[in-house]
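Just so it is clear, the values below take in all heavy atoms, side chains as well, and ignore hydrogens, waters and symmetry mates. Residues take their numbers from the sequence shown, with the count starting at 1. Being a predicted model, the structure only gives us computed values, none of them experimental.
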Amino acid sequence: MARHLITSALPYINGIKHLGNMVGSMLPADVYARYLRQRGHDVLYICATDEHGTPAELAAKERGVPVAEFCAQAHDAQKAVYDGFALAFDYFGRSSSPENVEITQHFARRLHENGFIEERAIRQVYSPADGRFLPDRYVEGTCPHCGYDKARGDQCENCTRVLDPTDLIDPRSAISGSTDLEVRETKHLFLLQSKLQHEVEEWVARHEESWPQLASSIARKWLTEGLHDRAITRDLDWGVPVPADTWPELAAEGKVFYVWFDAPIEYIGATKEWADQDPEHRDWKSWWYEADDTVRYTEFMAKDNVPFHTVMFPATELGVREPWKKVDFVKAFNWLTYYGGKFSTSQKRGVFTDQALEILPADYWRYFLIANAPESDDSSFTWEHFTATVNKDLADTLGNFVNRVLSFSKKRFGEEVPAGGTPGAAEARLGEEIARLLAEYEEHMEALQFRKAAAALRALWSAGNSYLEEKAPWLEIKTDKDGAALTLRTAMNLIHLYAVVSEPFIPSTAEAMRAAFSLAGDTATWATAAEAKALAAVPAGTPFTVPPVLFAKLTEDDLAAYKERFGGTEAA
């Protein structure tokens, strides 16, 4: 089987993320990683907190704690939420790790040796009130492109254009709010991306046809506009230090690398962190170095991160002139909005991941988000849509099927799977239908088409209900007890199959469904077409229990309470 390296956009350290962040990167990556593992592939899913840059310093300052302490606490808080969502990372690292410092400095040295890093004197915003230069996010103001008045000095979150602090209109210090700003000369390192333009174009051209249109169009747009040389150092106290053996003057001034230089390298750094925990059995380089022919690398991210991972980081890797693994497939997502507007912590609009877990178990959210993933366009979260999806798909279609089959069988045949008669025409038709739908589900998962995969999974669940309605064992038992037993045994085998193939979407529920059967040696990780047709994995005589209700139906009172708590149902 193939070796699959999977990464998702690194969540920034500053605060718990909202549902849009979850569905735009980590959750689909987890669903895909789980699926591949079940199909027998060798999978390494790597992620980490992105810890450097001005927001971390500003947040630590606001909390009144050292930035290293703030990042350590925030990392643990984020990891707890991701554990709550059952994200099965192979490793969840930290970009402030010694491993990332080592590899980032190595990349910088190699780029310098190859003529792709240059020291330049630039004019930069300085705040007399703060007594320091103000890099990127320490400067706020109005975006010159779209007029958004809360743009940051590195990027406008409204139009996503990359900015320089000196581009902003009416700039102000994010530290003190002072508008008494000056522009002074200072020295920084620049990555000469312009010299790598042609190589990046050739590399993108070899891959873009296989990428989703969203990813390829964003990459092509950036290349059409031209790659510009870009400063990769900042005047901050927190970051990967510029190595003194290569740039002694800048190191003495305390320069650190820009967060967007070291953050993508953390994918490699986190893999080394993972390997360093068990160096006798883990080889991090086999995943990243000279691995083009042995590893399939897939990245998951929202559209604002696409330029950095399809153009800028590949330029870095190309300039290093070493055989580092570059991404094969970029799965890009649009935005998930909240009633058509942006999620906002400050305005208390939208649902954040820790709040979601306070309300309902993770599987409710996992299924809804993937079934409505913003793949081809932006998607809007509404409580009405969420409630309807939970009630129809999870509670009625899947949960009710499991409960009524097991409850009825226990009541009429006891706590063992009944034997019944020989499968007939209805069971043959069902087996053919299940095998067809399973193949469709697999096809969409292989293509990373998550909404279509969710629809195919839903169709698998619905097939069980259709079979149950056709056979009506509650009526059948009155005239043909063996026939009713056969129907229930077949339905129980469907429950087991659902437990296996639903695991990437709803892992906790899948575990509960599988645990309903005391099936010795149950190591099934997937079902073949022949097994799907036969529906015989759970033989007669297998003890079973009726699990608690898998999914509770949400009421009008629940809906009203959610809307009152989270508000902001008018698009912002």
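- Under the 3.5 Å distance criterion, with hydrogens and angles disregarded, a donor-acceptor pair is assigned to the side chains of Glu384 and Tyr339.
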### side-chain contact (heavy atoms from CB on, under 4.5 Å) between Trp526 and Glu531, intermediate numbers included
CA-CA 9 Å; Trp526 205 251; Glu531 289 167 339; over 6 Å; no

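- Listed for the Gln78 side chain is a donor-acceptor partner under 3.5 Å among the backbone atoms of Gly15.
- The line from CD1 of Ile13 to OG of Ser95 is 7.5 Å long, rounded to the nearest 0.5 Å.
- Residues Trp287 and Tyr297 place their aromatic rings such that the two centres sit no closer than 6.0 Å.
- Between Glu375 and the choices Lys303, Arg451, Lys331, the salt bridge (charged side-chain N to carboxylate O under 4.0 Å, His left out) rule is met once, by Lys331.
- Between Trp335 and Phe333, the ring center distance fails the sub-6.0 Å criterion.
- Heavy atoms only, all atoms of each residue included: Met22 and Leu87 are closest at SD-CD1, 4.0 Å.
- Side-chain atoms of Ser8 do not come within 3.5 Å of backbone N or O of Ala29 as any donor-acceptor pair.
- Here CZ of Phe544 is found 14.5 Å from NE2 of His496. Values are rounded to the nearest 0.5 Å.
- For the pair Lys471 and Glu427, the salt-bridge criterion is met [side-chain N within less than 4.0 Å of a carboxylate O].
- Checked options Phe386, Phe505, Phe85, Phe551; the residue passing with Tyr364 is Phe551 (criterion: ring pair (Phe, Tyr, Trp, His ring centres under 6.0 Å)).
- In this structure a side-chain-to-backbone donor-acceptor pair under 3.5 Å is missing from Glu469 to Ser466.
- At a threshold of 4.0 Å, the pair Arg458-Asp393 counts as salt-bridged, since one of the basic side-chain nitrogens sits closer than that to a carboxylate oxygen.
- A donor-acceptor pair is defined here as one N or O able to donate and one able to accept, closer than 3.5 Å; such a pair exists between the side chain of Lys17 and the backbone of Tyr12.
- With hydrogens and angles disregarded, no donor-acceptor distance shorter than 3.5 Å links the side chain of Arg412 to the backbone of Ile477.
- Heavy atoms from other residues, nucleotides or ligands lying under 6.0 Å from CD of Glu556 number 12 at most.
- The two residues Cys146 and Asn158 come nearest to each other via the heavy atoms SG-ND2, 3.3 Å.
- Between the side chains of Arg3 and Ser286, at least one donor-acceptor pair of N or O atoms lies under 3.5 Å.
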### Query
Under the side chain to side chain donor-acceptor pair (under 3.5 Å) criterion, do Tyr91 and Trp284 qualify, and how do the steps go?
CA-CA 12 Å; Tyr91 190 76; Trp284 68 276; over 6 Å; no

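- Nearest heavy-atom pair across Leu460 and Leu438 is CD2-N, 4.0 Å.
- Residues Met301 and Ala9 share a closest heavy-atom pair of CB-CB, 4.0 Å.
- Between the side chain of Asn391 and the backbone N or O of Leu554 there is at least one donor-acceptor pair closer than 3.5 Å.
- Ala88 and Tyr45 get closest at one heavy-atom pair: O-CD2, 3.9 Å.
- Only one option out of Glu503, His41, Glu442 pairs with Tyr35 in a side chain to side chain contact (heavy atoms under 4.5 Å, CB included); it is Glu442.
- The two residues Val330 and Pro212 make their nearest non-hydrogen contact at O-CD, 2.9 Å.
- A donor atom on one side chain and an acceptor atom on the other are not found under 3.5 Å apart for Thr310 and Trp211.
- Judged by the 6.0 Å distance and 45° axis criteria, Lys342 is positioned over the aromatic ring of Tyr148.
- The closest side-chain heavy-atom distance from Leu448 to Phe300 is below 4.5 Å.
- With Thr387 contributing its side chain and Leu559 its backbone, the two residues share no donor-acceptor pair below 3.5 Å.
- Ion pair Asp292/Lys326 not flagged as a salt bridge, since none of the NZ, NE, NH1 or NH2 atoms sits closer than 4.0 Å to an Asp/Glu carboxylate oxygen.
- With respect to Lys452 and Glu440, no salt bridge is recorded, no charged nitrogen being found less than 4.0 Å from a carboxylate O.
- In this structure, Leu44 and Val295 have side chains that are not in contact, with every pair of non-hydrogen atoms separated by 4.5 Å or more.
- A donor-acceptor pair under 3.5 Å is formed between the side chain of Thr525 and the backbone N or O of Gln38.
- Judged by distance alone, the side chains of Ser216 and Glu209 never bring a donor and an acceptor atom under 3.5 Å apart.
- Counting heavy atoms from C-beta on, the side chains of Ser409 and Pro418 come closer than 4.5 Å.
- Using a 4.5 Å heavy-atom threshold, the side chains of Arg404 and Leu468 count as touching.
- A donor atom on one side chain and an acceptor atom on the other are not found under 3.5 Å apart for Thr490 and Asn493.
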### Query
Can you list the steps and then say if Asn403 with Leu550 is a side-chain contact (heavy atoms from CB on, under 4.5 Å)?
CA-CA 8 Å; Asn403 183 262; Leu550 298 180; over 6 Å; no

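- With rounding to the nearest 0.5 angstrom, the CD atom of Glu415 is 11.0 Å from the CG atom of Leu406.
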### Query
Checking side-chain contact (heavy atoms from CB on, under 4.5 Å) for the pair Phe343/Leu336: CA distance, chi angles, key distance, verdict?
CA-CA 9 Å; Phe343 287 81; Leu336 177 71; 4.2 Å; yes

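- Checked against a 6.0 Å centroid threshold, the rings of Phe566 and Trp383 count as neighbours.
- Contact check on Arg429 versus Glu432 returns no salt bridge, with no Lys/Arg side-chain nitrogen under 4.0 Å from an Asp/Glu carboxylate oxygen.
- The existence of a salt bridge linking Asp42 and Arg37 is excluded, since no basic side-chain nitrogen approaches an acidic carboxylate oxygen closer than 4.0 Å.
- A donor-acceptor pair shorter than 3.5 Å cannot be found between the side chains of Thr337 and Asp378.
- A 4.5 Å side-chain heavy-atom check between Pro11 and Tyr82 finds at least one atom pair inside the cut-off.
- Panel note: side chain Lys392, backbone Val390; no donor-acceptor pair is recorded below 3.5 Å.
- With hydrogens and angles disregarded, a donor-acceptor distance shorter than 3.5 Å links the side chain of Thr487 to the backbone of Gly483.
- Taking the six-membered ring where the residue is Trp, the centroids of Phe368 and Trp365 are separated by 6.0 Å or more.
- The aromatic ring centres of Tyr367 and Trp461 sit less than 6.0 Å apart.
- Taking 4.0 Å as the cut-off between side-chain N and carboxylate O, Glu225 and Lys221 count as a salt-bridged pair.
- Leu10 is not listed as a side-chain neighbour of Thr49, based on a closest heavy-atom distance of 4.5 Å or more.
- Two residues are said to be in side-chain contact when any heavy atoms from C-beta on lie closer than 4.5 Å; Thr542 and Met492 fail this criterion.
- Ser502 has its side chain out of reach of Thr509: every pair of non-hydrogen atoms, C-beta onward, lies at least 4.5 Å apart.
- For the atom pair Trp274 CH2 and Asp90 CG, the distance stands at 7.0 Å (nearest 0.5 Å).
- Checked for salt-bridge contact, Arg94 and Glu273 miss the test: no charged N lies under 4.0 Å from a carboxylate O.
- Looking at Arg206 and Glu201, no side-chain N of the basic residue comes within less than 4.0 Å of a carboxylate O on the acidic one, giving no salt bridge.
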### Query
Is there a side-chain contact (heavy atoms from CB on, under 4.5 Å) between Asp522 and Phe517 once you walk through the steps?
CA-CA 9 Å; Asp522 182 14; Phe517 303 101; over 6 Å; no

